[in-house]
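Here's the structure we're looking at; comments come further down.
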Number of protein chains: 2
Amino acid sequence: MRSTGSKAASAPKLDLVARLRGAGLRPTRQRIALGRLLFSGIDRHVTAEALHLEAARTGAELSLATVYNTLHQFTTAGLLRQVFVDGEKSYFDTNTGDHHHFYAKDRETLIDIPGDAVVIDGLPKAPAGMDIERVEVVVRLKPKA
Amino acid sequence: MRSTGSKAASAPKLDLVARLRGAGLRPTRQRIALGRLLFSGIDRHVTAEALHLEAARTGAELSLATVYNTLHQFTTAGLLRQVFVDGEKSYFDTNTGDHHHFYAKDRETLIDIPGDAVVIDGLPKAPAGMDIERVEVVVRLKPKA
DNA sequence: CAATAGATTAGAATAATTCTAATGTAAGAA
DNA sequence: TTCTTACATTAGAATTATTCTAATCTATTG
């Protein structure tokens with residue numbers, strides 16, 4: 001194993017910088033702070049508000065507007081995926097692969113469903129002039145009676 | 001065929017009044033105006049804003065807030081169903097039966113997919129303490145390249 | 001080491017939705 | 001019937017979520 005001499009924690013940061021550059025985005029202070037929270041390895045589902053709060057807790061100073069802007073930039077770059085399960089606010093998912101979701105409204109919580117487990121049959125073909133971009137399944141949960 | 005003596009157009013209105021009463025809602029001027037637009041027979045997908053505009057065009061005077069309130073009351077009563085396909089605004093669907101949707105973001109348009117056509121296999125069972133309330137499929141469309 | 005062009009940020013503005021005080025309405029009492 | 005009371009309903013005001021754009025920053029070139 002080769003060492004760069006920097007402490008272990010900075011390796012992911014270097015990866016992140018490369019990832020941002022690869023997506024055509026400048027690795028600014030704000031994007032690095034948010035990227036670290038989002039791409040730490042585990043899949044996450046966040047709202048702009050929640051991520052802003054989390055960033056503030058870790059000492060990052062950036063406006064909520066920047067969090068929104070950044071989430072959209074990441075989404076456009078394919079680093080995130082936006083999921084629509086609620087009229088109130090949007091969720092952003094770090095898992096951009098083929099998968100679906102459970103949604104528990106009472107807990108405002110999303111849970112991934114692996115895409116390869118699910119098979120959907122009988123969908124009509126797309127209307128004329130249109131292509132299917134993606135098929136999303138949301139399973140709404142309620143507390144057991 | 002029996003006649004009540006009133007003109008033909010008022011028959012649906014009587015049905016509507018009965019329908020509202022049956023749902024535990026008073027048949028107020030505002031609810032009747034919106035109900036007439038919504039429950040005319042054909043399935044519809046509306047936003048609060050669009051319905052408000054449409055009501056205004058037919059001469060009804062009511063605030064946008066009342067449209068929102070009414071749409072939610074109708075939804076709670078089971079007369080409408082809310083669909084989440086976009087972070088911007090909510091759509092309300094007069095078709096409350098089992099079915100799914102195509103969504104064309106570039107046209108902000110919803111198209112029904114009959115529920116009995118679609119079969120979904122391989123869904124995991126609900127997490128402990130939770131029941132499945134509903135499975136929603138949204139097929140996102142993009143203009144053909 | 002400027003100067004310039006383009007990218008990025010965040011305060012201000014907007015849009016969507018909800019909240020609550022004011023108003024309307026049904027039902028019973030007199 | 002009319003008055004009264006309790007509850008349902010409405011809509012202006014307030015709030016929340018999100019976007020817009022002027023100001024700022026940064027990379028690049030002369």
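Chain naming here is simple, since letters A, B, ... match the order of the sequence lines and numbering starts at 1 in each. In this text the structure is predicted, and so the values were computed from the model without any measurement.
Checked against the 6.0 Å centroid threshold, B:H52 and B:Y68 do not count as a close aromatic pair. Ring centroid separation for the pair B:H101 and B:Y91 does not come in under the 6.0 Å cut-off. Remark: aromatic rings of A:Y103 and B:F84 are distant, center separation not under 6.0 Å.
For the segment residues 63-73 of chain B, residues with any heavy atom less than 4.0 angstrom from an atom of DNA chain C are, sorted by number, B:L64, B:A65, B:Y68, B:N69, B:H72. Residues from residues 22-31 of chain B that place a heavy atom under 4.0 Å from any atom of DNA chain C, listed by number: B:R26. Taken residue by residue, residues 75-83 of chain B places no heavy atom nearer than 4.0 Å to DNA chain D.
Under 4.0 Å is where a charged nitrogen must lie from a carboxylate oxygen, and between B:R36 and B:E54 no such pair does. Taking a cutoff of 4.0 Å between a charged side-chain nitrogen and a carboxylate oxygen, B:K89 and B:E49 do not qualify as a salt bridge. Of the charged side-chain nitrogens involved, at least one lies within less than 4.0 Å of a carboxylate oxygen, so that B:K105 and B:D86 count as a salt-bridged pair.
Contact footprint of chain A on DNA chain C: nucleotides with an atom under 4.0 Å from a non-hydrogen protein atom, first to last in 5' to 3' order, C:dG6 to C:dT18.
Counting to the nearest Å, the C1' atom of D:dA8 and the CD1 atom of B:I32 are 15 Å from each other. The NE2-C1' distance, from A:H52 to D:dT19, rounds to 16 Å in whole Å. The nearest whole Å value for the distance from the OH atom in A:Y91 to the P atom in D:dT18 is 10 Å.
Across all non-hydrogen atoms, the minimal contact from B:Q82 to B:S90 is NE2-OG, 3.0 Å.
By the 4.5 Å side-chain criterion applied to Ile, Leu, Val, Met, Phe, Trp and Tyr, B:I132 is assigned to a cluster that also includes A:F102, A:I111, A:I113, A:V118, A:I120, A:L123, A:M130, A:I132, A:V135, A:V137, A:V139, A:L141, B:F102, B:I111, B:I113, B:V118, B:I120, B:L123, B:M130, B:V135, B:V137, B:V139, B:L141. Side-chain heavy-atom separations under 4.5 angstrom define the hydrophobic clusters, and B:V119 shares its cluster with no other residue.
No side-chain donor-acceptor contact under 3.5 Å links A:T94 to the backbone of A:F39. Between the B:R29 side chain and the B:E61 main chain, a donor and an acceptor come within less than 3.5 Å of each other.
A 4.5 Å side-chain heavy-atom check between B:L38 and B:F92 finds every atom pair outside the cut-off. At a threshold of 4.5 Å between non-hydrogen side-chain atoms, the residues A:Q30 and A:I32 do not count as touching.
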